[in-house]
Amino acid sequence: GYGHTVPLSDGGKAFCIIYSVIGIPFTLLFLTAVVQRIIVYVTRRPVLYFHIRWGFSKQIVAIIHAILLGFITVSCFFLIPAAIFSVLEDDWNFLESFYFCFISLSTIGLGDYVPGEGYNQKFRELYKIGITCYLLLGLIAMLVVLETFCELHELKKFRKLFYVKKDKEEDQVHIMEHDQLSFSSISDQAASMKDDQKANEPFVTSQSPTSNDSSLNN
């Protein structure tokens, strides 16, 4: 969602394609790494603290925590910014401001509403930098909330309904084939070890019966 800023030349369009192919995977890796570190302190440790310290059920604590985290995220990154945008942008009302926040943080990015496009706007460059920081932090917060809800026990059960189940007969056949292969390989290894031991044993000559008789007579 560029809005009014788009590449026009062929070189600019080619650079945009190359930059997107490289930049989007690195951005996803960066967001994933940041979210995995934040969710430890924001979700997992608080749930374990209330579960261990106060003795509450872990599932109930996780549900209440997810609802509270979702409410805080909606308030801090949707409702309050929408009210601020409706004041800073002359042509936007609260609904249009909330629409911009939702379209931007949900990564839809239509670009029909772009803040800071008025040239007579005060501190326009600083305003643009603030919007960039807001979008980055809001996107991280949205991913943290989604990851928190995905870790709920009820949603894990719901996701299992869409998993592909393997047939038990096929699993048993694969297990039997694996056992036969492992047994045959073990027997082959044992046979080869016996052959090696026989080859390494010293050669002992057998005594003739005449020598045995002569020793007995003596």
Given Ser75, Ser97, Cys101, Cys76, the one that forms side chain to side chain contact (heavy atoms under 4.5 Å, CB included) with Pro81: Cys101

Transitive ILVMFWY side-chain link Val47 to Trp54, under 4.5 Å: yes

hydrophobic_cluster_shared for Phe100 and Phe98, side chain cutoff 4.5 Å: yes

Flag side-chain contact, heavy atom, 4.5 Å: Leu69 against Val144: yes

Lys128, NZ: over 12 other non-hydrogen atoms inside 6.0 angstrom: yes

Within one Ile-Leu-Val-Met-Phe-Trp-Tyr cluster: Phe30 and Val35, side-chain cutoff 4.5 Å: yes

Reported CG-to-CD1 distance for the pair Asp112 and Ile103, which is rounded to 0.5 angstrom: 7.0 Å

Other residues, nucleotides, ligands: >12 heavy atoms within 6.0 Å of Leu68 CG: yes

Side-chain heavy-atom pair Phe85, Phe94 within 4.5 angstrom cut-off: no

Flag, side chain of Arg44 to backbone of Ile39, donor-acceptor distance under 3.5 Å: no

Least distance between heavy atoms, Ile131 atom then Pro115 atom: CD1-CG, 3.3 Å

For Leu105, all residues meeting side-chain contact (heavy atoms from CB on, under 4.5 Å), sequence neighbours excluded: Phe77, Phe78, Tyr134, Leu135, Met142

Check: Glu147 and Gln36 side chains under 4.5 Å, non-hydrogen atoms: yes

Pairs flagged by side chain to side chain donor-acceptor pair (under 3.5 Å) wherever residues 80-96 is involved - sequence neighbours left out: Glu89-Tyr127, Glu96-Tyr113

Side chain to side chain contact (heavy atoms under 4.5 Å, CB included) evaluation trace for Ile67 with Phe71: CA-CA 6 Å; Ile67 294 173; Phe71 177 77; 5.5 Å; no

Those residues that, when tested against Phe15, pass ring pair (Phe, Tyr, Trp, His ring centres under 6.0 Å) (two or more places apart): Tyr19

Linked, directly or transitively: Phe50 and Ile60 (ILVMFWY side chains, under 4.5 Å): no

Heavy-atom side-chain proximity of Thr148 to His65 below 4.5 angstrom: yes

Of Leu136, Ile140, Leu143, the residue whose pairing with Val34 passes side chain to side chain contact (heavy atoms under 4.5 Å, CB included): Ile140

Side-chain donor or acceptor of His51 paired with backbone N/O of Ser57 under 3.5 Å: no

Common cluster, Leu48/Leu152, ILVMFWY with side-chain heavy-atom separation under 4.5 Å: no

